[in-house]
Trainee: 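Quick one: the structure is below, questions incoming.
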Amino acid sequence: MSEEIKKSVIYSAMQPSGVPSLGNYLGALKNWKNLQQDYDCIFAIANMHAITVRQNPTELRKKTRDLITLFIAIGISPENNILYVQSDVKAHAELAWILNCYTYMGELSRMTQFKDKSAKHADNINAGLFTYPVLMAADILLYQADLVPVGEDQRQHLEITRDIAERFNNLYGDVFKIPEGFIPKTGARIMGLQDPTKKMSKSDTDNDNNVIHILDDINLIANKIKRAVTDSDNEVRLSPDKPGISNLLNIYGAVTGKTAEEAQNEFKGTGYGEFKKCVADAVVAEIKPIQDRFKELSADKAYIDSVIKDGAEKAAYIANKTLRKAQKKVGFPV
Ligand code: ATP
Ligand code: LTN
């Protein structure tokens, strides 16, 4: 009998705060799909994180369901991985509370996402927004994750997760695995198409042409790429002073599995019009089958219900084990 080797654990999550953007897909979802063969993967819908910004309740419920459906449409198997909704597993809130008591105001005040979101939602700077990274740490640590595949913008949150885990372990022994980030070389930071100096964000509603949502109509996706802001020198080249063209090269590279440099070499001497057409074709070819599958899956309500129920049970089983360990360490009667 062959000896079973335990695979490393991958954990990641995404907020149901809108239809995922091309940035979410290239920075995170595509890698989740590619990593599932070699790891034990757990992927969550971070709906508890999503309410740090005001949401419409009916829409949030729908977006949560649509996002789990989309995970499956992308090719992330609910049979071979655990897909679940964060609020279905009570251990997240319970561990987050404990970890809040091991996290300093000073370190949370340095989080750039908190600063950005506070500026964007100045009328609702709530305590949840401030302690958001602590809930994220609880997510990751509950599952003893080895690797966390995310985009570049989450690097700081991973560092604070490691700091909190190390602090707790130093006090109480080895309770938590210290996780590593997995940030892709190409596609980790896709920028807005109209403002390529800021990251593309799924909840950005200011200018629809800035964001590609992966369920946008195929023609609309192509048009958004064709309308993307560039510059006037008509040379397809990677450069910090050519953020629009550099972003499109990154997108093309990430979609086709090449580095941005390889993409640049491929388009040497090509005009912007032709270049944009090639980027649009590559993006559409990648996204179209996902959209078709999403439509089919959405019709099967019972199947999606069963995935959600099943995922919650499997996730809770793992999470509760870690939660009990942490509760015991801090002196709760468990
Ligand atoms: P929101 O608009 O609600 O803040 P978001 O689009 O920033 O959402 P998240 O749900 O916060 O997306 O992130 C989900 C995953 O997508 C994370 O791993 C994050 O690092 C990654 N990601 C988000 N935006 C980008 C981007 N522009 N480029 C690459 N990866 C991204
Ligand atoms: N904060 C993340 C979403 C998220 C997450 C996590 C990512 C919530 N919990 C755990 C990785 C691991 C974001 O992308 N904004």
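All ligand and atom numbering here is 1-based and tracks the order in the structure.
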Trainee: Give the contacting part of V150 toward ligand 2: side chain, backbone, both or neither, where contact means a heavy-atom distance below 4.0 Å.
Mentor: side chain

Trainee: Can you tell me if Q36 and S77 form a side-chain donor-acceptor pair at under 3.5 Å?
Mentor: no

Trainee: With only distance considered, is K199 within less than 3.5 Å of ligand 1 through an N or O on each side?
Mentor: yes

Trainee: Would you call K258 and E266 a salt bridge, using N to O less than 4.0 angstrom?
Mentor: yes

Trainee: Of the side chain and backbone of Q86, name the one, both, or neither that has a heavy atom under 4.0 Å from an atom of ligand 2.
Mentor: neither

Trainee: What's the shortest distance from atom 3 (C) of ligand 2 to any protein heavy atom, and which residue and atom give it?
Mentor: A13 O, 3.6 Å

Trainee: Are M191 and ligand 1 in contact, using a heavy-atom cut-off of under 4.0 Å?
Mentor: no

Trainee: Do any heavy atoms of S21 fall under 4.0 Å from ligand 1?
Mentor: no

Trainee: Within a 6.0 Å radius of atom CD1 on I51, are there more than 12 heavy atoms belonging to other residues, nucleotides or ligands?
Mentor: no

Trainee: Give the atom numbers and elements of ligand 1 that come within less than 4.0 Å of a heavy atom of S201.
Mentor: 1 (P), 2 (O), 4 (O), 6 (O), 7 (O)

Trainee: Do Q86 and D139 have side-chain atoms, one donor and one acceptor, less than 3.5 Å apart?
Mentor: yes

Trainee: Looking at A46, which atoms of ligand 2 are within less than 4.0 Å of one of its heavy atoms?
Mentor: 8 (C)

Trainee: Looking only at distance, does Q154 have an N or O less than 3.5 Å from an N or O of ligand 1?
Mentor: no

Trainee: May I ask you to say whether R162 pairs ionically with E159, meaning some side-chain N is under 4.0 Å from a carboxylate O?
Mentor: no

Trainee: Should K202 be counted as touching ligand 1, given the test is an N or O pair under 3.5 Å?
Mentor: yes

Trainee: Please list the nearest protein heavy atom to atom 11 (O) of ligand 1 with its residue and the distance rounded to 0.1 Å.
Mentor: Q15 NE2, 3.2 Å

Trainee: I need the single residue from M111, Q154, Q156 that forms a side-chain contact (heavy atoms from CB on, under 4.5 Å) with P133. Which is it?
Mentor: M111

Trainee: Is any side-chain N of the basic residue among E296 and R293 closer than 4.0 Å to the acidic one's carboxylate O?
Mentor: yes

Trainee: Pairs of nitrogen or oxygen atoms closer than 3.5 Å, one from P149 and one from ligand 1: do any exist?
Mentor: no

Trainee: Indicate yes or no for a side-chain donor-acceptor contact from N47 to the backbone of A50 under 3.5 Å, with no hydrogens or angles considered.
Mentor: no

Trainee: What part of V148 sits under 4.0 Å from ligand 2 if we count only heavy atoms: the side chain, the backbone, both or neither?
Mentor: side chain

Trainee: As a check for students: among G23, S203, G181, identify the option with a heavy atom nearest to atom 1 (P) of ligand 1.
Mentor: S203

Trainee: Same cluster or not: L26 versus V148, using hydrophobic residues (I, L, V, M, F, W, Y) connected whenever any side-chain heavy atoms lie under 4.5 Å apart?
Mentor: no

Trainee: For atom 28 (N) of ligand 1, what is the closest protein heavy atom, and at what distance to 0.1 Å?
Mentor: I190 N, 2.8 Å

Trainee: Enumerate the atoms of ligand 1 whose separation from the nearest heavy atom of G187 is less than 4.0 angstrom.
Mentor: 29 (C)

Trainee: Just which atoms of ligand 1 are under 4.0 Å from any heavy atom in K117?
Mentor: 1 (P), 3 (O), 4 (O)

Trainee: With heavy atoms only and a cut-off of under 4.0 Å, state how A188 meets ligand 1: side chain, backbone, both or neither.
Mentor: backbone

Trainee: Verify the distance criterion only: is there a donor paired with an acceptor across the side chains of Y39 and N81 at less than 3.5 Å?
Mentor: no

Trainee: Decide whether S17 and K202 meet the rule of one side-chain donor and one side-chain acceptor closer than 3.5 Å.
Mentor: yes

Trainee: To the nearest 0.1 Å, how far is atom 9 (N) of ligand 2 from its closest protein heavy atom, and which atom is that?
Mentor: D139 OD2, 2.6 Å

Trainee: Are I318 and L147 co-members of a hydrophobic cluster defined by side-chain heavy atoms under 4.5 Å apart?
Mentor: no

Trainee: Enter the distance from I160:CD1 to T103:OG1 here, rounded to the nearest 0.5 Å.
Mentor: 6.0 Å

Trainee: Under 4.0 Å between a Lys/Arg side-chain N and an Asp/Glu carboxylate O for K309 and E313?
Mentor: yes

Trainee: Do the side chains of K224 and D208 get close enough for a salt bridge, i.e. N-O under 4.0 angstrom?
Mentor: yes

Trainee: Does an N or O anywhere in S12 fall below 3.5 Å from an N or O of ligand 1?
Mentor: no

Trainee: Considering non-hydrogen atoms of the protein only, which is the closest contact for atom 16 (O) of ligand 1, and what is the distance?
Mentor: N24 ND2, 3.1 Å

Trainee: Pick one of side chain, backbone, both or neither for how R189 approaches ligand 1, counting any non-hydrogen atom pair under 4.0 Å.
Mentor: backbone

Trainee: Who's the nearest protein heavy-atom neighbour of atom 15 (N) of ligand 2, and how far?
Mentor: Y132 OH, 2.9 Å

Trainee: Supply the atom-to-atom distance K177 NZ to T322 OG1, rounded to the nearest 0.5 angstrom.
Mentor: 10.5 Å

Trainee: Within the 4.0 Å heavy-atom shell around Q15, which atoms of ligand 2 are there?
Mentor: 15 (N)

Trainee: With respect to S12, determine whether any N or O atom, backbone or side chain, lies less than 3.5 Å from an N or O atom of ligand 2.
Mentor: no

Trainee: Which of the numbered atoms in ligand 1 are under 4.0 angstrom from any heavy atom belonging to A28?
Mentor: 15 (C), 16 (O), 18 (O)

Trainee: I'd like to know if K242 pairs up with D233 as an ion pair, taking the criterion as any Lys NZ or Arg NE/NH1/NH2 lying under 4.0 Å from an Asp or Glu carboxylate oxygen.
Mentor: yes

Trainee: Under 4.0 Å from any heavy atom of H49, which atoms of ligand 2 are there?
Mentor: 8 (C), 9 (N)

Trainee: Would you say M14 and ligand 1 have an N/O pair spaced under 3.5 Å apart?
Mentor: no

Trainee: I'd like the name of whichever of L29, V150, D153 reaches closest to atom 20 (O) of ligand 1 through any heavy atom.
Mentor: D153

Trainee: Could you tell me, atom by atom, which parts of ligand 1 come under 4.0 Å of a heavy atom of S17?
Mentor: 1 (P), 3 (O), 8 (O)

